[in-house]
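Beneath this line is the structure, given in structure tokens, with notes to follow.
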Amino acid sequence: MTKPSIYRDLLLEHARHPKNCGRLESPDLRATAFNPLCGDELELTLAVSEDIIQDCKTKVRGCSICQASASMMSDLILTKTLQEAEKISKVFTESLTKENEVISESLDSLRPLIALKKHRSRIKCMKLAWDALEDCARQNQT
Amino acid sequence: MTKPSIYRDLLLEHARHPKNCGRLESPDLRATAFNPLCGDELELTLAVSEDIIQDCKTKVRGCSICQASASMMSDLILTKTLQEAEKISKVFTESLTKENEVISESLDSLRPLIALKKHRSRIKCMKLAWDALEDCARQNQT
Amino acid sequence: MQNSPLTAKVRKDFPILKREIHGHPLAYLDNAATTQKPKCVIDALVNFYEKHNSNISRGVYTLAEEATEIYEDGRETVAKFIGAADSGKIIFSRGTTESINLIAAAWIQPKLKAGDRIIVTEMEHHSNLVPWQLAAQTSGAELLYWPINLESEKSGIGSLDLQKFEEMLKDATKIKQGIRLLAVTAVSNVLGTVNPIAEIVKIAHSHGVPVLVDAAQAAARMPIDVARWDCDFLAFSGHKIYGPTGIGVLYVKNERLEEMQPFQGGGGMIRQVNRQTSTWADAPQKFEAGTPPVAEVYGLTAAVEYLSDIGMQEIQQHEIELTNHALKRFAEFNDLELYGPQDINSRSGVLSFNLRNVHPHDVAQVLDESGIGVRAGHHCTQVLHKRLGIVASVRMSFGLYNNTSEIDLLISELDRCRQLFIE
Amino acid sequence: MQNSPLTAKVRKDFPILKREIHGHPLAYLDNAATTQKPKCVIDALVNFYEKHNSNISRGVYTLAEEATEIYEDGRETVAKFIGAADSGKIIFSRGTTESINLIAAAWIQPKLKAGDRIIVTEMEHHSNLVPWQLAAQTSGAELLYWPINLESEKSGIGSLDLQKFEEMLKDATKIKQGIRLLAVTAVSNVLGTVNPIAEIVKIAHSHGVPVLVDAAQAAARMPIDVARWDCDFLAFSGHKIYGPTGIGVLYVKNERLEEMQPFQGGGGMIRQVNRQTSTWADAPQKFEAGTPPVAEVYGLTAAVEYLSDIGMQEIQQHEIELTNHALKRFAEFNDLELYGPQDINSRSGVLSFNLRNVHPHDVAQVLDESGIGVRAGHHCTQVLHKRLGIVASVRMSFGLYNNTSEIDLLISELDRCRQLFIE
Ligand SMILES: Cc1ncc(COP(=O)(O)O)c(C=O)c1O
Ligand SMILES: Cc1ncc(COP(=O)(O)O)c(C=O)c1O
């Protein structure tokens, strides 16, 4: 097909073969996120020791963008500290809402997602995994 | 003044020198009517014997059209039976809402009022006296 | 492009159809969400604001007289459109949702007692569910669900079985349960099911149960006749019948009108205001607090006249033809699951489906790349979607201006979805 | 015609000013009822319906994305216009009346107890009285009236005395009466009084009383700054600030937002819908059930941008000039009774009056014959009119496009009234 599509290779690759799928047996942290507009759901389970994300799995009932975002996120946050992961999440969220075209280096691997930011209706799809991540970070603080 | 005005001589005459003003001391029938859009009020008192309207007075707190209508009405219904008066009221109301241009002979003296029917906001002003009349007729039936 | 005679005639009336989406002509197939506007409706708005704009009812000057006339004439046009005997039964609201909330607040809430039941169907839109939930909760009442047929029973998949309804009513009588209302849609915004309202109302009334009809989908798709249907309440939205946003209609039968408490308080709905208490204007003004949407009523009037000129019968016929074509094309593929009746006699041109193993969002997004607008999600019917065992679906819904080539385009573009998402 | 610089600039923006009424140019002096629309607002509506029309939020196709963006951008523009820190506090309603009813139903009703009081002023519009009456009645609460000054006290006729308010609050504390809210207008739609909202809110808050500000008149007449005013709620209508009908705004402070129950039920305001109960979306969507008036939001956005481009300071200055001129002219006649402050510093361009021995209806009707549009009646303030000892009045109210010649024309046409009705 020659039509230009928002579904580029890297995105589709993550959507078709998502990384770190499923759920951890006995996670240290667990959060779910829900998209009321379409009913999509996501569950994130994390194994954390000494503040470092040792393992991470996402169980997604959602569209390809939601799936790809979860897959990319898991790639990015593994071996990072929870604080670092939360920071990335905040920067990512900002890059979706700001007009700013400069993308921070730490988000390099998320470019295929950020490229879709003008599709406002899909932002919630992208954000689902990150919402769950921020929820986990909050749980950890209290 | 040369401007054409909805306020024609006959109407103004009735408004400035309304007939049968005031209230009867001990009326056989009495009704009030109220215009919620402007707060205007009207009280109608009737002396009726053998179904014939022997005397009739209106106490008006309202605009010139309300006043003129009350005055014209009192002129028209005096010495008529309540049934006749009620009939006239119904025909008058119809002539205000119908497209029909033919005006029944019984309403001849009301022509200056009917001419204003396209001023929808003033119909309630014209109708106040007649509302009270129909209320009296209803009271008489029960 | 293959056009039905109707489509050829009307397409030029809709300016938005000239728009290109990603280099393709717009194929707007989301008419169940909102319809596009013919030029006459847009012109009516412009005309109002450029010539007659003013507030209504309390003004004696020329513009105010004109605006009042526009507003009240609109009421009459709408009354005629739905077969209401007089315009005094027509209340203008902001939409179907507000119309239904009005009845929930002003009519059922004050009379609802603990243990009472309101019957709804499983196919209702959230706007015809949540208002009743809210009303029920404050008084300890509950919703009773009239289930849809899922197996291919005699009424077909996604239909309502009248016998089940009668049984529900009889069971309620047996245990002396008060059924205060049946709230039912005339046409499902997901399944496309056309419900037999006249028969349903007859059964409900024979058990003393009033009926509210959600005509949000029906009003643009078939002739409506409240006198024949004999329903107690009927609600629809301007924006779904080719009129403007911000305007809706509520029809109420006289007996019910008399039972209704005020809805919102404010200017225009009062008779006399004292310091602690007030008295109310007569219906319909009693239920129209605040400055009404006069321009929107004028636009709605233009839409209703536009539809009446074409004829609702002809519009219905056109939709049947499109739906027939779509049903035939859908049947060609075994990875397309269509929800709702297969029988053309019990459905209209709202078709929800899923492409196996592709998420509805992704289907809709890929279709957009070819200029096709369809909706993906639960379409404000989570209860129905749960019943169907799915989370979301893709919905294609027809309007006056759609044609069979647009359906064919959609079907062929589904191939792109398969290629992208299913290896 | 004598034009201020502003008037000269803006008159050509308003198509309706080309209209002739009985052979005279339209002199529209009923801006407190509704304002006329500049071309950019009308164009926005046309543009929406011809280019972007679609339902919002739940669509992934291009038109739906555009409509959603238009709607949410509108929220931000409005937030900025009134000095709100973020758009999450802006709820779109159908008008001031609905905004106030929303607070009455979703916020105060659930917390109101028998014996509680809601303070209102004697100058409130029915839309800022009746909703509180209805809420109070269902819970055995009552309204408490903050009286207006009638004698020429230090604050002037038709003003509110801040000391009186403090005393009311202290008295309530003494007898442990719960004061749940002060509902007050920023500008009276009859007297023209401009109330010192920031000071009023300060006093109210120091006694723990939240404040709702009715900004229906203020929004078109002066800069609004909810952050500085520190009010808890603020309501106004699109159609009174040169925008379309069918759209209104409600600003709610965060703390209050969290206390609010849902208003109407339906699509768009839910999170999850189960058979008997549901959970709600976050604010502001939680309070916006049903398809929102997207076109109207686009029109309102255009209006707000139009006003911001001119500058609310300049608009206020223009209105002061007109009002000064009118006050001077009125003073020439001793059969003209003007209600409200004489002091230009405590009033705006809404002037209600009576011509001795001529009914307001007749005045308005005669003025119409010269193309002048003014309102006659109680202007939805029966309590105020009773307090003033009158039944009705004539009201002249200014907009951007008015000039001093229109005021002079009105004054001279009053002579015709005298000749017709007073011999
Ligand atoms: C002070 C005031 N409050 C409230 C309203 C009600 O506004 P709306 O009719 O647009 O809801 C008005 C105008 O009618 C007003 O002038
Ligand atoms: C069947 C049905 N009922 C109610 C509604 C609600 O209509 P609105 O959003 O215009 O209030 C809709 C559409 O959204 C619908 O399809």
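Chain A is the first sequence line, chain B the second, and so forth, proteins listed ahead of strands; every chain is numbered from 1.
In summary, the side chains of D/His239 and D/Thr35 do not present any donor paired with an acceptor at a separation below 3.5 Å, with no hydrogens or angles considered.
For the options B/Gly62, B/Ala15, B/Cys63, B/Ser64, heavy-atom pairs under 4.5 Å to chain D are most numerous at B/Cys63. Between chain B and the options D/Asp362, D/Val363, D/Val366, D/Val358, heavy-atom pairs under 4.5 Å are most frequent for D/Asp362.
Using cut-offs of 30° and 60° on the angle between ring planes, the pair D/His378 and D/His126 is tilted.
Remark: aromatic rings of D/Phe353 and D/Phe330 are close, center separation under 6.0 Å.
Taking 4.5 Å as the limit, every side-chain heavy atom of D/Arg347 sits out of range of all side-chain heavy atoms of D/Leu191.
Heavy atoms closer than 4.5 Å to chain D are found in the side chain of B/Cys125, but not in its backbone.
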